[in-house]
Novice: 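Please find one structure pasted underneath; my questions will follow.
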Amino acid sequence: MILTVTMNPSVDISYPVDQFKLDDVNRVETVRKTAGGKGLNVARVIAQMEEEVLATGVLGGTIGDYIVQELNKSNIQNDFLRIDKESRNCIAILHEGMQTEILEAGPTLSSEEGEVFLEKFANLLPKVSIVTISGSLPKGLPPNFYQQMLEISQEKGIPVVVDSSGEPLRQVLLHKEKPFAIKPNTAEMSQLLGFKVDAEIGSLKQAVNHELLKGIEWIVVSMGSDGAFVRRADEYYRVTIPKIDLVNPVGSGDATVAGFAVALNRHETIEKVLKTAMTTGILNTVEAGTGYINIAKFNQYFDSVKVEKID
Ligand code: ATP
């Protein structure tokens, strides 16, 4: 079973309006509310891939109740640390072809709550074969919190896929013990390494060979419609994808992580792992929902993803 971690989940609310009026009343007819946060997108896509998944993290209050209710409705097993604080709402106003977002920060956790979560995390590990950690850390937790989770997983020999950015990602990479896999996009790579990483092979190779990334088994640099560049141990792969009619790219990175974890969990070949990861990313972009795929379309896209080993 795959364990997905979401430390700061949310209820994602989207308000479509024809025209967004500032300093005025905006009435919304169709409201869409989903259990959100990057890790929950990953969990949902893993479940849609019909692989066993357990979602964990920290939540609380009536918003936390709603998240659990939504996960139960989708038959996604979950075991979150419940805290005495309210989880967050994240609002996206969709107007005139634009998306204006209002993101609550979410609860500030105490160091005791952090410790209790780490205990819970350690207790869940005997049930799982892979861990995915996605997104940002809630306020109050130390920036090396993911590193602590990584150490606990490594003691038990369980591989961890990290999809984060900024300081929490940098901290995970500062130690000798590295995550099994990371999935940055080029912007996150640039921010992490302090130089511009673009879609050119030279630039990508320089990035994945950076000192900070030594010892990571899989580095999947996702590049939107340009597919991905990958270093697996000391081999490089370029993955190209077909042109598609884009509907909603938000959450494609999460869907990619989901496909990647599922294929690893099924002990697939390198080629199949990469094709699966790209296909779930693409499938997310052709649906309106975020972190949502239609598995019936899987083979149609899978066959047109090309993996090329390069020197
Ligand atoms: P997000 O932060 O929205 O989750 P990301 O920046 O982490 O996304 P991307 O590199 O944009 O991740 O996308 C991940 C994968 O999804 C790509 O490697 C590709 O397979 C697929 N994908 C994303 N955008 C497109 C697109 N416009 N056309 C086709 N496939 C796409």
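Predicted model only: the values in this text are computed from it and were never measured.
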Novice: Please report the interatomic distance CD1(I93) to CD(E101), rounded to the nearest 0.5 Å.
Specialist: 9.5 Å
Novice: Just say parallel, tilted or perpendicular for the rings of F260 and W218, cut-offs at 30° and 60°.
Specialist: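 Answer is perpendicular, since the angle exceeds 60°.
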Novice: Shortest non-hydrogen contact from A207 to M189?
Specialist: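 Between these two residues, the closest heavy atoms are CB-CE, 4.0 Å.
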Novice: Out of curiosity, does I241 fall in the hydrophobic cluster containing L204 (side-chain heavy atoms, cut-off under 4.5 Å, transitive links)?
Specialist: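 The answer is no; the residues belong to distinct hydrophobic clusters.
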Novice: Only pairs at least two apart or in different chains count here, so list each salt bridge (charged side-chain N to carboxylate O under 4.0 Å, His left out) that has a residue in residues 295-311.
Specialist: E287-K297
Novice: Find out whether V286 and Y301 are in side-chain contact, i.e. whether some heavy atom of one side chain is under 4.5 Å from a heavy atom of the other.
Specialist: yes
Novice: Any link between F229 and V162 through a network of hydrophobic side chains (Ile, Leu, Val, Met, Phe, Trp, Tyr) touching at under 4.5 Å?
Specialist: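 Hydrophobic grouping puts F229 with V162.
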Novice: With rounding to the nearest 0.5 Å, note down the distance linking OG in S304 to CD1 in I282.
Specialist: 6.0 Å
Novice: Using side-chain contact (heavy atoms from CB on, under 4.5 Å), reason through T34 and T290 one step at a time and then give a plain yes or no.
Specialist: CA-CA 9 Å; T34 49; T290 295; 5.9 Å; no
Novice: Donor-acceptor pair, distance only, cut-off 3.5 Å: does the side chain of N144 make one with the backbone of Q171?
Specialist: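 Such a contact is absent between N144 side chain and Q171 backbone.
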Novice: Checking R82 now: which residues fulfil side chain to side chain donor-acceptor pair (under 3.5 Å) with it, not counting sequence neighbours?
Specialist: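 D65.
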Novice: So how far is it from Q69 CD to N72 CG, rounded to the nearest 0.5 Å?
Specialist: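 So the CD of Q69 and the CG of N72 are separated by 8.0 Å.
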Novice: Nearest 0.5 Å, what's the CE-CE distance between M7 and M149?
Specialist: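 CE of M149 is found 6.0 Å from CE of M7.
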Novice: List for me each residue that meets salt bridge (charged side-chain N to carboxylate O under 4.0 Å, His left out) alongside E29, sequence neighbours excluded, and say none if there are none.
Specialist: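 Residues passing salt bridge (charged side-chain N to carboxylate O under 4.0 Å, His left out) with E29: none at all.
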Novice: The criterion is side chain to side chain donor-acceptor pair (under 3.5 Å); which residues satisfy it with E155, sequence neighbours excluded?
Specialist: none
Novice: List for me each residue that meets salt bridge (charged side-chain N to carboxylate O under 4.0 Å, His left out) alongside K120, sequence neighbours excluded, and say none if there are none.
Specialist: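 Only D79 meet the salt bridge (charged side-chain N to carboxylate O under 4.0 Å, His left out) criterion with K120.
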Novice: Would you say the side chain of I133 lies within less than 4.5 Å of the side chain of V131, judging by non-hydrogen atoms?
Specialist: yes
Novice: Walk me through it: do F80 and L71 pass the test side-chain contact (heavy atoms from CB on, under 4.5 Å)?
Specialist: CA-CA 11 Å; F80 280 76; L71 290 173; 3.8 Å; yes
Novice: Pairs in or reaching into residues 219-243: which pass salt bridge (charged side-chain N to carboxylate O under 4.0 Å, His left out), with residues at least two apart or in two chains?
Specialist: E217-R232
Novice: Looking only at heavy atoms, which two atoms of S252 and P249 are closest? And how far apart?
Specialist: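 Minimum heavy-atom separation between S252 and P249: OG-O, 2.6 Å.
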Novice: Would you say the side-chain atoms of D198 pair up with the backbone N or O of K196, donor to acceptor, closer than 3.5 Å?
Specialist: no
Novice: Are L213 and I310 connected in a single hydrophobic cluster, I mean Ile/Leu/Val/Met/Phe/Trp/Tyr linked by side-chain heavy atoms less than 4.5 Å apart?
Specialist: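 Linked within one cluster.
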Novice: Is K156 atom NZ crowded by more than 12 heavy atoms from other residues, nucleotides or ligands, each under 6.0 Å away?
Specialist: yes
Novice: If you draw a 6.0 Å radius around CG in D24, do more than 12 non-hydrogen atoms from other residues or ligands fall strictly inside?
Specialist: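 Result for CG/D24: enclosed.
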Novice: So, the side chain of T285 versus the backbone of N248: is there a donor-acceptor pair under 3.5 Å, distance only?
Specialist: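 Not a single qualifying donor-acceptor pair exists.
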Novice: Is N41 close to V45 at the side-chain level, that is, under 4.5 Å between some pair of heavy atoms?
Specialist: no
Novice: Flag yes if L150 and L192 sit in one hydrophobic cluster, no otherwise; membership is Ile, Leu, Val, Met, Phe, Trp, Tyr, and two members link when side-chain heavy atoms are under 4.5 Å apart.
Specialist: yes
Novice: Do I152 and L118 come within less than 4.5 Å of each other through their side chains, counting heavy atoms only?
Specialist: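 With C-beta onward as the side chain, the pair touches.
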Novice: Scan residues 174-195 for pairs that pass side-chain hydrogen bond (donor to acceptor under 3.5 Å, both in side chains), counting only residues two or more places apart or in two chains.
Specialist: K183-S222
Novice: So which atom in T276 and which in M49 form the shortest heavy-atom distance, rounded to 0.1 Å?
Specialist: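 Residues T276 and M49, closest heavy atoms: CG2-CE, 3.7 Å.
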Novice: Test side-chain contact (heavy atoms from CB on, under 4.5 Å) on R170 and E167; report intermediate values, then the result.
Specialist: CA-CA 5 Å; R170 209 177 68 84; E167 199 49 26; 3.1 Å; yes
Novice: What residues, two or more places apart in sequence or in another chain, satisfy ring-ring contact (aromatic ring centres under 6.0 Å, His included) together with F298?
Specialist: F302
Novice: Do the non-hydrogen side-chain atoms of L141 and F117 ever get within less than 4.5 Å of each other?
Specialist: no
Novice: Can you confirm whether N8 sits close enough to V58 that some side-chain heavy atom of one is under 4.5 Å from a side-chain heavy atom of the other?
Specialist: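 With C-beta onward as the side chain, the pair stays apart.
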Novice: Could you check whether any side-chain heavy atom of V11 comes within less than 4.5 Å of a side-chain heavy atom of S87, counting everything from C-beta outward?
Specialist: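 The answer is no, as the side chains (C-beta and beyond) never meet within the 4.5 Å cut-off.
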Novice: Spell out, as yes or no, whether a donor-acceptor pair under 3.5 Å connects the side chain of N284 to the backbone of I293.
Specialist: no
Novice: Mind checking the OG1-CD1 spacing from T4 to I46? Nearest 0.5 Å is all I need.
Specialist: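 CD1 of I46 is found 6.0 Å from OG1 of T4.
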Novice: Taking all heavy atoms of G135 and all of Y146, pick out the closest pair and write down the distance.
Specialist: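 The pair with the smallest heavy-atom distance is O-OH, 3.0 Å.
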Novice: If you measure only the distance, is there a donor-acceptor pair under 3.5 Å linking the side chains of N89 and Y66?
Specialist: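 Y66 and N89 do not have a side-chain donor-acceptor pair below 3.5 Å.
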Novice: Would you say V307 and V230 are hydrophobically clustered, going by side-chain heavy atoms of ILVMFWY under 4.5 Å?
Specialist: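 Yes, V307 connects to V230 through the hydrophobic network.
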Novice: Keeping to residues at least two apart or across chains, list the salt bridge (charged side-chain N to carboxylate O under 4.0 Å, His left out) pairs with something in residues 33-52.
Specialist: K38-D163, K38-D254, E51-R266
Novice: Would you say the side-chain atoms of K85 pair up with the backbone N or O of L109, donor to acceptor, closer than 3.5 Å?
Specialist: no
Novice: Measuring from F145:CZ to E115:CD, what's the distance to the nearest 0.5 Å?
Specialist: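 F145 atom CZ to E115 atom CD measures 7.5 Å (nearest 0.5 Å).
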Novice: Restricting to side chain to side chain contact (heavy atoms under 4.5 Å, CB included), what partner residues turn up for S111, sequence neighbours left out?
Specialist: none
Novice: Taking S203 for the side chain and A199 for the main chain, is one N or O donor matched with an acceptor at less than 3.5 Å?
Specialist: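 Not at all, since once roles are kept as given, no pair shorter than 3.5 Å links the two residues.
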Novice: Is P107 close to I83 at the side-chain level, that is, under 4.5 Å between some pair of heavy atoms?
Specialist: yes
Novice: Quick one: side-chain hydrogen bond (donor to acceptor under 3.5 Å, both in side chains) pairs with a partner in residues 122-139, sequence neighbours left out?
Specialist: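 Residue pairs passing side-chain hydrogen bond (donor to acceptor under 3.5 Å, both in side chains), neighbours aside: S129-N265.
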Novice: Quick one: list whatever passes side chain to side chain contact (heavy atoms under 4.5 Å, CB included) with E96, sequence neighbours left out.
Specialist: Q19, F20, M98
Novice: Closest approach of P143 and L137, non-hydrogen atoms and distance?
Specialist: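 Looking at all heavy atoms of both residues, the closest pair is O-CD1, 3.9 Å.
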Novice: Can you name the nearest heavy-atom pair linking A255 to T280, along with the distance?
Specialist: O-OG1, 2.8 Å
Novice: Would you confirm whether E151, through its side chain, and Q148, through its main-chain N or O, come within 3.5 Å as a donor-acceptor pair?
Specialist: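 Side chain of E151 to backbone of Q148: no pair is present.
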